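The structure under discussion appears below in the form of structure tokens.
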Amino acid sequence: MSLDAYRFLILLDDHVTDAAIRDALPVGAPVFVTSLRDANSRGRVLLDETSPDIVLVGCSAYSEAALQVLGQIGQDRPDTPIIVLYEGNPNGFMDPAFKAGAEDLIVLPQPPGQLTFQLQKAISRRKGPSGHSQTTAPMIAVLGPKGGTGKTLTTCNLAVALASAGARPVIVDLDLQFGDIGLALGLHPEKTIFELVTSGGSLDAEKVDSFILDHPSGARALLAPRRPDQAAAITTSFLRQLFEVLRSSHDVVIVDTPPAFSPEVITAIDVASDLCMVGMLDALSLKDTKIGFETLQQMGYRTEDVVLVLNRADSNIGISMADVLRLLGKTPDVMVPSDRAIPRALTSGLTIMEADARSGAARAFVELADIYLESIIGVARTPVSSDLEQPASRRRSLLRRGN
């Protein structure tokens, strides 16, 4: 989705400049910049003069003026997306901003590609092909009835690939007894889903956010409990509430599941908008993958609607893609080749996307991310930036600027 055809109105407080914002907008796009004070005094006249397709409100502290502008624009132009660009920590301002009418809140500074993506997403939500507002983010349940097929590998690399394209993904580690998302991403489990569920009180975006850990790529994760005995505290009713909150505050939720159709996994499947089945090219894994598809069919899901990822897809073990089609009823949507760099990266707490973005495995996960980017902004991925083709250290430096 191109932004060339859209008009932008940028409203700033005294401590925010428009330089970084302009970098994310198309060259030559109609851009009108003024202060929040001007917007508060001229209000409807300013909107009539500029006729913006999207409004950007920049502030660096809790701002009653910004909240007043949000409410006024939301009342006068309810179909115009409003995005708050906030320099600093938005805690305490995020909820009031959303209640006042903000479509999204982005913490500055952001790499231009990520800010561009957020603008595309906001416009798509309001003016997508269906004409309906998309208020709930996609949720992907990553499944696989056999352990060791690479579900966690797939989940982590998918999240990093989506983050590199500018999305804000959050992972939920639903392997409540032996989850490894923290280890795979190099995140220390200071807070987990167990601490969240035992903290008491109701769930809201700000509370849940305080238990989520940030990855340098821009991806986020809610980790599994540290001990298996803590898993019993997480109920299916709690998970349904949690998924609802996460889908309202992130671009996409990715759920890493254990190798079982447990009540927690069935809950994730019921809530998910997308299902991703992960298998490997060996007889035992394919047999279990087939059983997994049959189980989903019994639950009312069609095989063709499930994305199939096949890890170690280049293994020479006498099983052809024709054999896979005959056994599973579909060919893989994404085939991830074997790569010795993957276990080495995992040992270091890195994804293959970070360790070797040029590898065949990394390109496969970018291909997988492309499938879901269509669900997030309604169009196929366009090259937002060339970050993935840069050395890992440089890429991480770029991505950290978005945290």
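For reference, positions follow the sequence shown, starting with 1. This structure is a prediction, so every number in the text was calculated from the model and none was measured.
More than 12 heavy atoms of other residues, nucleotides or ligands lie within 6.0 Å of CD in Glu49, so this atom counts as buried by the packing criterion. In this structure, Glu367 places its CD atom where more than 12 heavy-atom neighbours from other residues, nucleotides or ligands lie under 6.0 Å away.
Not one N or O on the side chain of Asn311 forms a donor-acceptor pair closer than 3.5 Å with the backbone of Met280. A donor-acceptor pair under 3.5 Å is formed between the side chain of His215 and the backbone N or O of Ser217. Side-chain N or O atoms of Asn157 include none that pairs as donor or acceptor with a backbone N or O of Thr351 at under 3.5 Å. In this structure, Lys146 contributes its side chain and Leu284 its backbone to no donor-acceptor pair below 3.5 Å. The main-chain N or O of Leu308 is found under 3.5 Å from a side-chain atom of Asp333 such that the two form a donor-acceptor pair. Judged purely by atom type and a 3.5 angstrom limit, Arg312 has no side-chain atom pairing as donor or acceptor with the backbone of Ser338. With hydrogens and angles disregarded, a donor-acceptor distance shorter than 3.5 Å links the side chain of Gln230 to the backbone of Arg226. For Asp256 (side chain) and Asp173 (main-chain N/O), no donor-acceptor pair under 3.5 Å exists by modelled atom type. A donor-acceptor pair is defined here as one N or O able to donate and one able to accept, closer than 3.5 Å; no such pair exists between the side chain of Ser285 and the backbone of Leu281.
Tyr372 places none of its side-chain heavy atoms less than 4.5 Å from the side chain of Val252. Two residues are said to be in side-chain contact when any heavy atoms from C-beta on lie closer than 4.5 Å; Leu162 and Arg168 fail this criterion. Side-chain contact between Leu368 and Val309 is present, with at least one heavy-atom pair separated by less than 4.5 Å. A 4.5 Å side-chain heavy-atom check between Met277 and Phe293 finds at least one atom pair inside the cut-off. Taking 4.5 Å as the limit, every side-chain heavy atom of Asp175 sits out of range of all side-chain heavy atoms of Asp180. In this structure, Ser273 and Pro138 have side chains that are in contact, with non-hydrogen atoms separated by less than 4.5 Å. Under the 4.5 Å side-chain criterion, counting only non-hydrogen atoms from C-beta, Ile269 is not in contact with Thr267. With contacts defined as side-chain heavy-atom distances shorter than 4.5 Å, the pair Lys207/Ser199 qualifies.
Note that the OG1 atom of Thr34 and the CD1 atom of Ile10 stand 11.0 Å from one another [nearest 0.5 Å].
Closest approach of Phe243 to Ala268, counting heavy atoms only: CE1-CA, 4.0 Å. Between Val170 and Ala221, the closest heavy-atom pair is CG2-N, 4.3 Å. The nearest pair of heavy atoms linking Lys287 to Leu327 is N-CD2, 4.3 Å. Between Ala219 and Ala163, the closest heavy-atom pair is N-CB, 3.7 Å. In terms of heavy-atom proximity, Gly179 sits nearest to Ala224 at CA-CB, 4.0 Å. Of all the heavy atoms in Pro337 and Gly360, the pair that sits closest is CG-C, 3.7 Å.
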- request: May I have the step-by-step check of side chain to side chain donor-acceptor pair (under 3.5 Å) for Gln297 and Thr303, ending in yes or no?
  value: CA-CA 7 Å; Gln297 288 169 354; Thr303 300; 2.6 Å; yes
task: Assess whether side-chain contact (heavy atoms from CB on, under 4.5 Å) is satisfied between Val57 and Ile82, documenting all intermediate values.
output: CA-CA 7 Å; Val57 177; Ile82 313 169; 3.9 Å; yes
- request: Would you please test Leu9 and Leu47 for side-chain contact (heavy atoms from CB on, under 4.5 Å) and show each step?
  value: CA-CA 8 Å; Leu9 174 61; Leu47 291 172; 4.0 Å; yes
message: Using side-chain contact (heavy atoms from CB on, under 4.5 Å), reason through Phe8 and Val55 one step at a time and then give a plain yes or no.
response: CA-CA 6 Å; Phe8 297 88; Val55 177; over 6 Å; no
message: Run Ile140 and Val255 through side-chain contact (heavy atoms from CB on, under 4.5 Å) and show every step you take.
response: CA-CA 6 Å; Ile140 307 164; Val255 182; over 6 Å; no
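A salt bridge links Glu294 with Lys290: the closest approach of a Lys/Arg side-chain nitrogen to an acidic carboxylate oxygen falls below 4.0 angstrom. Between Arg37 and Asp13 no salt bridge is recorded (no basic side-chain N to carboxylate O distance below 4.0 Å). Remark: Asp48 engages Arg77 in a salt bridge, criterion side-chain N to carboxylate O under 4.0 Å. Remark: Asp76 engages Arg44 in a salt bridge, criterion side-chain N to carboxylate O under 4.0 Å.
In the model, Asp323 has a side-chain atom that pairs as donor or acceptor with a side-chain atom of Ser320 under 3.5 Å.
The only option from Thr192, Ile234, Thr257 that meets the side-chain contact (heavy atoms from CB on, under 4.5 Å) definition with Leu176 turns out to be Ile234.
Remark: Arg302 engages Glu304, Asp305 in a salt bridge (charged side-chain N to carboxylate O under 4.0 Å, His left out) (not counting sequence neighbours). Remark: Phe365 pairs with no residue by the ring-ring contact (aromatic ring centres under 6.0 Å, His included) rule, at least two apart or across chains. Listed by chain and number, the residues in a ring-ring contact (aromatic ring centres under 6.0 Å, His included) with Phe93 are Tyr62, Tyr86 (sequence neighbours excluded).
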